[in-house]
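Structure first, then comments.
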Amino acid sequence: MRIDSNVYNIGYACITLGLKNAGLKTCRLQNAEDDRLKGIIENNLNALETVIKYNAENDIRLFRISSDIIPLASHPLVSIEWCSIFREKIKKIGELIIANNIRVSMHPGQYTVLNSLSESVVENAIDDLKYHAYFLDCLGVDESCKIVLHIGGVYGDKKQAINRFVLNYKRLDKAIKRRLIIENDDKNYNIEDVLNISAQCGIPVVFDNLHHQINPAANKNSQFEWIERSGATWKEKDGPQKIHYSQQNIEKSAGAHSKTIDAKVFSEFLNDLPDRNIDIMLEVKDKNISAVKCILYSGKKYSAKHLETEWARYKYYVLGKYPEGYYKIRELLKDKTKYLVKDFYEIIEEAISCESIKNNEINAAQHVAGYFRKLATDTEKRRIINSIEKYREVKISLKSMKKTMRVLAEKYDIEYLLNSYYFIEW
DNA sequence: TGACGTCAAGATCCG
DNA sequence: CGGATCTTGACGTCA
């Protein structure tokens with residue numbers, strides 16, 4: 001049982017935006033020599049530690065660790081003993097996770113197929129699941145930290161394909177079984193199928209709202225009834241029920257995740273959820289930024305000072321995109337006794353959705369350029385001015401102009417800029 | 001055989 | 001030379 005007063009824990013997957021030293025590295029199989037791989041893993045573990053600290057500081061208690069944390073981990077040609085080489089480091093991260101009451105998970109991708117017709121594919125899938133379970137075990141986190149898996153392909157005969165899934169599930173080690181949970185997907189296995197499989201092998205079920213919208217069950221229950229039924233597959237030792245929540249990107253094909261979470265739509269969803277502990281994993285392009293938003297939106301324990309912290313990260317972005325919104329937010333944050341989270345995010349979302357206007361972006365860029373005045377060399381300052389001028393003359397993109405400043409912000413380690421959302425591309 | 005999804009690595013092109 | 005922009009990849013299924 002968690003001490004948290006919130007009923008819902010909200011988290012995000014794999015990548016943390018607007019946080020320095022948080023990026024994961026990878027490499028090609030072709031040049032995955034042990035030494036190179038070792039360096040990459042060290043980088044990734046340091047990044048994970050940074051991210052866990054960030055999550056704790058921002059009250060984010062749910063986080064999916066990327067499968068790429070150990071690149072090519074389950075590839076037969078890669079045999080590096082990462083767990084013993086980095087034992088102390090991984091243990092330290094695990095302690096940090098536990099001390100901060102964060103629930104972590106992992107989620108192998110679409111290529112881990114346990115019910116394949118091909119035995120070698122199944123063996124690879126089992127190896128991959130072993131890796132995921134092993135990483136979580138090395139962290140030392142408990143059984144509530146899960147591995148989410150899709151059922152797999154259909155191969156023209158769903159009944160047989162389901163049978164194969166159940167049979168292959170039985171082959172798995174206890175170390176995998178205690179963590180494995182299954183999710184409805186957007187093509188093959190709807191929530192009713194997944195619940196039927198769960199009934200056969202007792203695996204907890206993750207309900208994914210967007211997959212359900214695209215690939216609904218024949219039985220037209222409301223999504224909240226399916227969430228209730230999925231909830232019944234979770235036992236005490238599994239921890240609170242988990243669900244995946246995302247919104248459709250209306251500019252893209254069905255199933256594509258939105259750039260940011262529409263907070264109003266999310267809070268309506270939240271209001272209709274069963275009144276008990278549920279963990280909600282957001283799947284959204286702007287990752288932790290939406291997680292913070294949804295947490296601030298849903299919690300009763302937050303106040304104006306939390307909005308101020310967030311505003312410090314957004315403000316140059318908003319100034320460039322939507323100056324009127326910038327001044328409106330400054331106004332509404334003046335009254336420190338009020339927690340105007342809805343008004344705040346309404347303006348932020350408006351800023352994200354509107355088109356850039358060149359003069360406004362130039363104005364914001366000049367503000368940001370001010371941070372280099374005392375630090376950068378004259379050549380570098382000229383480089384910044386030149387890039388702003390080239391942007392003005394439509395010779396380079398906004399992205400390029402921002403990149404010039406980002407590179408220098410990294411060089412001089414200007415923390416305020418590196419931890420701001422100014423460089424995020426929505 | 002290529003699309004699917006993802007995003008960093010790596011290659012290549014440009015000034 | 002640095003920077004911008006492109007193509008590619010470990011994986012499996014399906015049309």
Side-chain angles (χ1 to χ4, degrees), chain A residues 12-17 22-33 36-37 39-41 43-44 47 64 66-79 107-132 149-158 160-161 164-165 168 183 185-189 208 210-211 214-215 244 246 248-249 252-259 283-287 377 379-380 382-384 386-387 390-391 393-408 410-411 424-425:
Chain A
Y12 67 100
C14 305
I15 292 170
T16 309
L17 301 173
L24 297 185
K25 290 191 187 299
T26 186
C27 70
R28 299 281 176 272
L29 184 57
Q30 212 179 354
N31 39 31
E33 308 90 15
R36 187 186 186 117
L37 211 44
I40 291 173
I41 294 168
N43 168 84
N44 291 356
R64 180 189 301 162
S66 171
S67 298
D68 293 331
I69 190 81
I70 311 289
L72 308 164
S74 67
H75 198 283
L77 295 178
V78 174
S79 57
H107 188 5
Q110 59 181 303
Y111 301 113
T112 303
V113 185
L114 192 58
N115 76 340
S116 175
L117 287 165
S118 149
E119 176 59 19
S120 71
V121 171
V122 175
E123 280 166 13
N124 289 342
I126 293 174
D127 284 344
D128 198 43
L129 291 172
K130 269 185 195 157
Y131 149 63
H132 285 86
L149 186 69
H150 291 288
I151 304 303
V154 172
Y155 315 92
D157 186 344
K158 202 182 230 183
Q160 277 305 313
R164 266 198 315 282
F165 182 90
N168 289 336
E183 179 194 356
D185 67 70
D186 57 356
K187 274 212 282 291
N188 300 328
Y189 295 92
D208 182 301
L210 187 58
H211 292 161
I214 296 163
N215 181 24
H244 289 176
S246 58
Q248 174 67 44
N249 181 334
K252 293 195 175 171
S253 58
H257 295 147
S258 63
K259 292 192 269 186
E283 293 180 323
V284 59
K285 291 284 177 198
D286 69 0
K287 303 287 180 180
T377 65
T379 324
E380 287 163 342
R382 223 173 298 125
R383 196 187 299 163
I384 292 173
N386 283 345
S387 86
K390 278 192 200 155
Y391 170 65
E393 294 159 16
V394 206
K395 286 179 182 159
I396 62 167
S397 63
L398 176 62
K399 184 179 163 182
S400 299
M401 179 184 76
K402 286 190 176 184
K403 199 188 168 188
T404 303
M405 290 195 276
R406 184 161 56 80
V407 168
L408 288 171
E410 274 160 18
K411 176 174 175 187
I424 306 292
E425 292 168 47

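Everything numeric here is computed off the predicted structure, so don't read it as measured data. Convention: sequence-line order gives letters A, B, ...; per-chain numbering from 1.
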>> Which residue in the set A/Leu37, A/Ile40, A/Thr26, A/Ile41 passes side chain to side chain contact (heavy atoms under 4.5 Å, CB included) when paired with A/Ile70?
In response: A/Ile41
> How would you label the contact of A/Asp68 with the nucleic acid (heavy atoms, under 4.0 Å): base, sugar-phosphate, or nothing?
Replying inline: nothing
>> Suppose you measure atom P in B/dT1 against the same atom in C/dT8; what distance do you get, rounded to whole Å?
In response: 15 Å
> How does DNA chain B look in dot-bracket notation if pairs are Watson-Crick or G-U with both distances under 3.5 Å, crossing ones as [ ], other-strand ones as |?
Replying inline: ||||..|||||||||
>> Taking ring pair (Phe, Tyr, Trp, His ring centres under 6.0 Å) as the definition, give me every residue that meets it alongside A/His211, ordered by chain and number, with sequence neighbours left out.
In response: A/His150
>> Taking B/dC7 as the reference, what is the distance to C/dT13 when you measure between their P atoms (whole Å, please)?
In response: 23 Å
> Going 5' to 3' along nucleotides 7-12 of chain B, which nucleotides have protein heavy atoms under 4.0 Å from the base (write B), which only from the sugar-phosphate (write S), and which from neither (write -)?
Replying inline: SBBS--
> Listed by chain and number, what are the ring pair (Phe, Tyr, Trp, His ring centres under 6.0 Å) partners of A/Tyr12, not counting sequence neighbours?
Replying inline: A/Phe63
> CG of A/Asn386 versus P of C/dG2: gap in Å, rounded?
Replying inline: 18 Å
>> Is the phosphate of C/dC14 approached by A/Tyr155 (side-chain N or O, under 4.0 Å from OP1 or OP2)?
In response: no
>> Distance check needed: C/dG12 C1' versus A/Asp185 CG, whole Å only.
In response: 14 Å
> What's the OH-C1' distance between A/Tyr131 and C/dA10, to the nearest Å?
Replying inline: 13 Å
> When all nucleic acid strands are considered with a 4.0 Å heavy-atom cut-off, which category describes A/Ser118: base, sugar-phosphate, or nothing?
Replying inline: nothing
>> Could you tell me how far apart A/Lys390 (NZ) and C/dG2 (C1') are, to the nearest whole angstrom?
In response: 11 Å
Show me the protein contacts with nucleotides 3-7 of chain C, counting only N or O atoms at under 3.5 Å.
unit_1, atom_1, unit_2, atom_2, d
C/dG3, OP1, A/Arg383, NH1, 3.3

> When the distance from CZ of A/Arg164 to P of C/dG12 is rounded to whole Å, what number comes out?
Replying inline: 15 Å
> Applying side-chain hydrogen bond (donor to acceptor under 3.5 Å, both in side chains), which residue pairs with at least one partner in residues 70-79 of chain A are found, sequence neighbours left out?
Replying inline: A/Ser74-A/Asp128
> Which whole-number value in Å describes the distance from A/Leu149 CG to C/dG12 P?
Replying inline: 14 Å
>> Say we look at C/dA10 and B/dG10: how far apart would their P atoms be, to the nearest angstrom?
In response: 11 Å
> What integer distance in Å separates A/Leu117:CG from C/dT13:P?
Replying inline: 7 Å
>> What I want to find out is whether A/Arg64 reaches A/Glu283 closely enough, with some N-O distance under 4.0 Å, to be called a salt bridge.
In response: yes
